[in-house]
Amino acid sequence: GAAVPPQARGSWSSFLKSIASFNGDLSSMTAPPFILSTTSLVEFSSYWAEHPSVFVAPAAEKDPAKRALLVLKWFLSTLKQQYASRSEKLGSEKKPLNPFLGELFLGKWEDAAGTTQLVSEQVSHHPPVTAYCIWNGNAGVRLQGYNAQKASFSRTINVKVSSLAQRLQQIGHAIYHIDEYDEDYLITLPSLHIEGLITGSPYVELNRTSYIQSSSGFTAKIDYSGKGWVSGKKNTFSATLFPDGREKEPLYTVDGQWTDEFTIKEGKGKKVVDQFSPKNTKTTPLSVASLEQQDELESRRAWKKVAAAITKGDTDTAGYEKSIIENRQRELRKKEKEEGREWSRRFFSRTDKFPMFQKLAGKIGEQVNDSLTNGVWIFDAEKASEARPPFQKDGASVLRAQE
Ligand code: 0T9
């Protein structure tokens, strides 16, 4: 494989052997240094709003069906950032840093859409679960969600192709809320698999189906497919938006590639009404506080030394610095256990009731599976308002960045 550095070939093939026989989770395996990323998984929540004006657009639409369409358009517009941006930037998917419990990633986007704010917190370490809330106060929209991944391995041996892929089911969900219409959209997450493992240049492909269910009576169904054996383009999807229960009568159809461009058509697909090009649309950079101004639990500050060592290719120092973080975490857990308490999450709370979720999930046959995510997590505005700076006392909608 061309992507594996010559000196790493041995370690890559033993890594592959270990994961294939272990049949388990890549995130828990020790991977060779060349495939390590300096970014923690807690940062991935920011992919939901890298086009802030697309994120807030639904709030300005008066027609309920068109509003649901704009929510679908925004969701589709996030896929390239979510699933292909690292491969594009780094040449392949890399193994993210595994966040510690309580790790935070805070930031904001400032652009034509005003200020859009992000709070992401690692709410569980075993299993790893990230919760997030993203909101824009001017527009009155808020996205909150939490997620974990469940892994399994598949091996396909074909006459020409021998492949090893990791399949990941995403557990958890997101809810997009619009204040003006008091409307909620339940977003389920696509399954994915990681290909390119044999050649050492892993990348993500999406598969199966995901949904967006609105409280206003619309369902969006998105079917994903990749480059098939014979034909088909990579990163392909086909989506329909229909009134609940009337799948055969779509109001809109969206087709294309989530990395390239897609077209929105009316009804079963005649008249083009809109299009979007993830490929040609610039993202707004997220601003985060400088390292000195960050809280100790903020990701980039906490992982600073590990990241610097990875960048230098200094595996020993990276391992040493990582063990300092891990030992500290072990001590904290031990102390909590002795004192009979739990780590208190800064922005999220565990809940056993989430009526809106239950209501919308029922319509698309989804279930809450809290056993895989160590609970169901919701943004806790009260906690957020009590949190230390940069969170101000005057309510959760006011998150000011430090000057
Ligand atoms: C939520 C997203 C998720 C996180 C990542 C599977 C994966 C960790 C989870 C699902 C985001 O909203 C969307 C995008 C990409 C997903 C990651 C891709 C990936 O490879 C990792 C896993 C855990 C690995 O690190 C595999 C290691 C492999 C690249 C080489 C050994």
Side-chain angles (χ1 to χ4, degrees), residues 1 3-5 8 11-20 22 24-50 75-99 103 105 118 120-124 127-134 143-153 164-174 176 187-208 210 224 235 258-259 286 299 310 372-373 377:
V4 184
S11 63
W12 186 250
S13 67
S14 43
F15 173 65
L16 292 183
K17 272 179 208 138
S18 70
I19 52 181
F22 172 72
D25 178 6
L26 275 180
S27 65
S28 69
M29 308 289 299
T30 312
F34 80 93
I35 207 77
L36 301 180
S37 157
T38 56
T39 306
S40 161
L41 208 49
V42 78
E43 292 204 19
F44 285 33
S45 308
S46 66
Y47 294 135
W48 285 108
E50 298 203 307
F75 170 79
L76 295 169
S77 80
T78 71
L79 298 176
K80 177 173 185 276
Q81 294 307 116
Q82 302 259 23
Y83 303 107
S85 58
R86 296 161 305 277
S87 283
E88 262 176 23
K89 260 181 236 138
L90 311 169
S92 81
E93 193 68 59
K94 300 221 166 177
K95 190 177 188 282
L97 294 167
N98 192 13
E103 185 174 327
F105 186 61
L118 163 76
S120 178
E121 178 171 3
Q122 192 70 12
V123 292
S124 169
V129 182
T130 308
Y132 53 88
C133 185
I134 300 175
L143 175 77
Q144 64 164 316
Y146 65 98
N147 60 337
Q149 296 87 41
K150 203 177 135 197
S152 66
F153 260 92
L164 180 66
Q166 188 179 44
R167 274 190 281 219
L168 281 116
Q169 196 193 331
Q170 295 199 63
I171 320 284
H173 67 271
Y176 179 95
I187 300 164
T188 70
L189 308 164
S191 310
L192 55 99
H193 54 268
I194 299 162
E195 302 215 28
L197 282 171
I198 292 200
T199 56
S201 44
Y203 64 92
V204 169
E205 182 60 277
L206 301 179
N207 49 25
R208 304 206 206 165
S210 77
Y224 304 89
N235 313 147
W258 49 265
T259 34
L286 178 78
S299 185
I310 291 174
L372 293 162
T373 55
W377 298 92

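Just follow the structure's listing: the first ligand is 1, and inside any ligand the first atom is 1.
- Heavy atoms only, all atoms of each residue included: E205 and W258 are closest at OE1-CZ2, 3.8 Å.
- With a 4.0 Å cut-off on non-hydrogen atoms, F15 touches ligand 1 through its side chain and not its backbone.
- Contact annotation for L189 and ligand 1: no heavy atom of the residue comes within less than 4.0 Å of the ligand.
- Within ligand 1, the atoms closer than 4.0 Å to a non-hydrogen atom of Y83 are 2 (C), 13 (C), 14 (C), numbered from 1 in the order shown.
- In terms of N/O distances under 3.5 Å, ligand 1 is approached by Q82.
- Those atoms of ligand 1 that come under 4.0 Å of a heavy atom in N147, given as number and element, are 1 (C).
- Interface of I35 with ligand 1, defined as ligand atoms under 4.0 Å from a residue heavy atom, comprises 30 (C).
- For F34 and W12, the gap between ring centers is short of 6.0 Å.
- Using a 4.0 Å heavy-atom cutoff, Y47 is absent from the residues neighbouring ligand 1.
- Less than 4.0 angstrom separates some heavy atom of P96 from each of these atoms of ligand 1: 25 (O).
- Applying the 4.0 Å criterion to heavy atoms of L168 picks out, from ligand 1, the atoms 6 (C).
- Between atom CG of residue L79 and atom CG of residue L192 there is a gap of 11.0 Å, rounded to the nearest 0.5 Å.
- Although no hydrogens or angles enter the test, the distance criterion places a donor-acceptor pair under 3.5 Å between the side chain of S14 and the main chain of S11.
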*Would Y83 and T259 satisfy side-chain contact (heavy atoms from CB on, under 4.5 Å), going step by step from the backbone distance to the final call?*
CA-CA 9 Å; Y83 303 107; T259 34; over 6 Å; no
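- Counted by atom type alone, Y146 and S124 present zero donor-acceptor pairs between their side chains at under 3.5 Å.
- The two atoms that bring A31 and L36 nearest to each other are O-CD2, 4.1 Å, heavy atoms only.
- Listed by atom number, the atoms of ligand 1 under 4.0 Å from Q170 heavy atoms are 10 (C).
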